[in-house]
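Input: a single structure, listed below in structure tokens.
All of these numbers come straight from a predicted model, not from anything done at the bench. When a residue number appears, it is its place in the shown sequence, counting from 1.
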Amino acid sequence: MKGDNLIIGSTSQVSRYMPADYVAVSSRNIPNWVFEKKWENVYLCFAEQRTSLANNLNYRDVFYSTNVDLTISCIENIKSKRIVCFSTTELWNRHSGSIDIDTPFDYIENYYTDSKVKLTQKLKKYENVITLFPFNFNSVYRKETFLFYKIYKCLMTGEKIEIGDTHFYRDLIHPSYVVERAMTATNNEIVGSGRIIYINDFIKDLFLESGRDYNSLVREVIKGANSRNIFWLKNKECLYPYSRLKSDYLREIKGNK
């Protein structure tokens with residue numbers, strides 16, 4: 001029954017695309033009854049993921065207390081047959097080429113990635129926990145510190161924006177696809193399309209199909225060469241095609257104008 005499914009992290013991007021009749025609570029104030037009930041499925045959707053603060057010592061404890069301590073506390077105190085947790089493909093961000101679930105981690109260390117590594121290692125001992133590693137995803141619910149918060153805002157309001165370098169390739173998805181995989185996953189897995197796209201081209205496609213003029217609304221401020229490694233989900237087939245990626249992003253833009 002859908003009432004037997006729980007989401008912790010009711011304001012996260014992923015939780016917004018879960019079925020509306022799933023029970024959802026905030027991770028900041030989890031009621032006691034959550035731990036008394038027996039659940040069929042539990043989705044731990046909360047995280048501290050403000051990567052722009054991931055090297056800021058003032059936020060060190062926030063990353064570890066949320067991404068490690070709170071997550072493990074939920075797992076150990078909740079009664080559920082199946083718990084889904086979210087790690088990140090940023091644990092491979094120094095890798096070049098395709099990756100699968102058996103590819104060794106290779107990442108730039110900061111408080112975000114280190115907290116996710118510590119969490120991922122701890123999750124191995126829980127038999128009822130499935131760990132998912134999504135590639136980057138965006139929606140109208142992106143927070144202010146992220147690139148696509150600006151992109152969505154500009155597309156929906158026509159407000160001029162300034163962005164950094166978007167001339168790089170990435171395996172990019174939408175949270176609705178992450179939810180699809182989360183609801184059916186039976187083992188740990190990487191969630192991605194299996195293909196890379198050129199981010200600047202994708203953004204310009206969104207502007208074109210939304211009837212906005214990219215050149216008049218967006219100022220690119222590029223400082224130095226882009227040194228991002230290109231990595232993607234290893235898969236012979238495209239699991240999440242570009243046409244659907246555009247459709248998922250455009251539907252929200254047009255629906256919120």
Side-chain angles (χ1 to χ4, degrees), residues 1-2 4-24 27 39-47 49 67 71 74-75 78 80-93 95 98-103 105 107 113 116-117 119-120 123-124 126-142 146 148 169-197 202 231-252:
M1 295 178 62
K2 294 185 177 180
D4 293 328
N5 296 292
L6 173 69
I7 302 163
I8 300 182
S10 56
T11 61
S12 72
Q13 283 195 93
V14 169
S15 69
R16 308 276 192 170
Y17 300 87
M18 291 278 184
D21 51 359
Y22 278 18
V23 178
S27 62
W39 303 95
E40 190 72 21
N41 297 285
V42 174
Y43 299 91
L44 302 182
C45 299
F46 63 87
Q49 56 180 7
N67 295 346
T71 304
C74 287
I75 291 170
I78 211 153
S80 179
K81 294 180 181 178
R82 177 177 174 270
I83 300 175
V84 176
C85 288
F86 295 93
S87 188
T88 175
T89 52
E90 287 304 301
L91 302 187
W92 289 276
N93 64 19
H95 186 87
S98 62
I99 61 171
D100 60 27
I101 199 67
D102 297 317
T103 304
F105 295 151
Y107 61 93
T113 54
K116 286 294 189 177
V117 166
L119 170 64
T120 303
L123 294 178
K124 293 178 181 179
Y126 300 100
E127 293 183 358
N128 64 328
V129 173
I130 293 171
T131 307
L132 300 183
F133 301 81
F135 273 90
N136 185 258
F137 54 86
N138 304 282
S139 71
V140 291
Y141 302 106
R142 258 305 188 196
F146 291 89
F148 270 85
Y169 290 91
R170 170 168 278 180
D171 190 330
L172 186 70
I173 52 179
H174 185 270
S176 60
Y177 180 63
V178 177
V179 169
E180 282 184 23
R181 303 302 301 180
M183 294 179 68
T184 60
T186 56
N187 295 293
N188 298 347
E189 67 173 77
I190 295 172
V191 182
S193 70
R195 298 293 184 272
I196 54 173
I197 64 166
F202 174 60
F231 62 106
W232 62 93
L233 173 62
K234 184 179 182 180
N235 202 286
K236 290 182 179 180
E237 297 180 3
C238 180
L239 302 174
Y240 181 73
Y242 187 72
S243 58
R244 181 178 167 188
L245 176 70
K246 282 201 304 181
S247 176
D248 285 341
Y249 279 62
L250 286 167
R251 183 173 57 252
E252 296 190 313

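For the residue pair Ser139/Gln13, the side-chain donor-acceptor check at 3.5 Å is satisfied.
For Asp171 (side chain) and Gly194 (main-chain N/O), a donor-acceptor pair under 3.5 Å exists by modelled atom type. Side chain of Asn188 to backbone of Thr131: a donor-acceptor contact under 3.5 angstrom is found. A donor-acceptor pair is defined here as one N or O able to donate and one able to accept, closer than 3.5 Å; no such pair exists between the side chain of Asn67 and the backbone of Leu119. In this structure a side-chain-to-backbone donor-acceptor pair under 3.5 Å is present from Thr120 to Lys116.
Rounded to the nearest 0.5 angstrom, Arg16 CZ and Tyr141 OH are separated by 5.5 Å. Note that CH2 of Trp232 is 5.5 Å distant from CD1 of Ile196, once rounded to the nearest 0.5 Å. With values rounded to the nearest 0.5 angstrom, Phe133 atom CZ is found 11.0 Å from Thr103 atom OG1. Of the inter-residue distances, the one linking Asn128 atom CG with Lys81 atom NZ reads 12.0 Å to the nearest 0.5 angstrom. Rounded to the nearest 0.5 angstrom, Thr113 OG1 and Asn93 CG are separated by 6.5 Å. Atoms CH2 and CD1, from Trp39 and Ile8 in turn, are 8.5 Å apart once rounded to the nearest 0.5 Å.
In plain terms, the two heavy atoms of Lys234 and Asp100 that are nearest each other are CD-OD2, 4.1 Å. Contact detail for Cys85 and Thr71: the closest heavy-atom pair is SG-CG2, 4.0 Å. The heavy-atom pair separating Cys45 from Met18 by the smallest distance is SG-CE, 4.3 Å. Here the shortest heavy-atom pairing between Val191 and Val178 reads CG1-CA, 4.2 Å. Summarising the geometry of Val179 relative to Val14, their closest heavy-atom pair is CG2-O, 3.4 Å, with the distance given to 0.1 Å. Thr89 and Phe231 get closest at one heavy-atom pair: O-CE1, 3.3 Å.
Ser98 meets the side-chain hydrogen bond (donor to acceptor under 3.5 Å, both in side chains) test with no other residue; sequence neighbours excluded. For Arg82, there are no salt bridge (Lys or Arg N to Asp or Glu O under 4.0 Å) partners two or more places apart in sequence or in a different chain.
With ring centers used as reference points, Tyr177 lies 6.0 Å or more from Tyr17. For Phe105 and Trp92, the ring centers sit closer than 6.0 Å to each other.
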Stepwise side chain to side chain contact (heavy atoms under 4.5 Å, CB included) check, Ser176 with Arg244
CA-CA 11 Å; Ser176 60; Arg244 181 178 167 188; 3.9 Å; yes

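Inter-residue side-chain proximity for Ser12 and Phe86 is flagged as unmet; no heavy-atom pair is nearer than 4.5 Å. Residues Glu189 and Leu132 form a side-chain contact, since some pair of their non-hydrogen atoms from C-beta on lies under 4.5 Å apart. Taking 4.5 Å as the limit, every side-chain heavy atom of Leu44 sits out of range of all side-chain heavy atoms of Ile78. The shortest distance between side-chain heavy atoms of Ile173 and Leu239 does not fall below 4.5 Å. You'll find the side chain of Tyr43 stays beyond 4.5 Å of the side chain of Ser15, heavy atoms only. Annotation: side chain of Asn41 is not in contact with side chain of Asp4 (no heavy-atom distance under 4.5 Å). Residues Val42 and Val84 form no side-chain contact, since every pair of their non-hydrogen atoms from C-beta on lies 4.5 Å or further apart. Side-chain contact between Tyr249 and Leu172: present, with at least one pair of heavy atoms (C-beta onward) separated by less than 4.5 Å.
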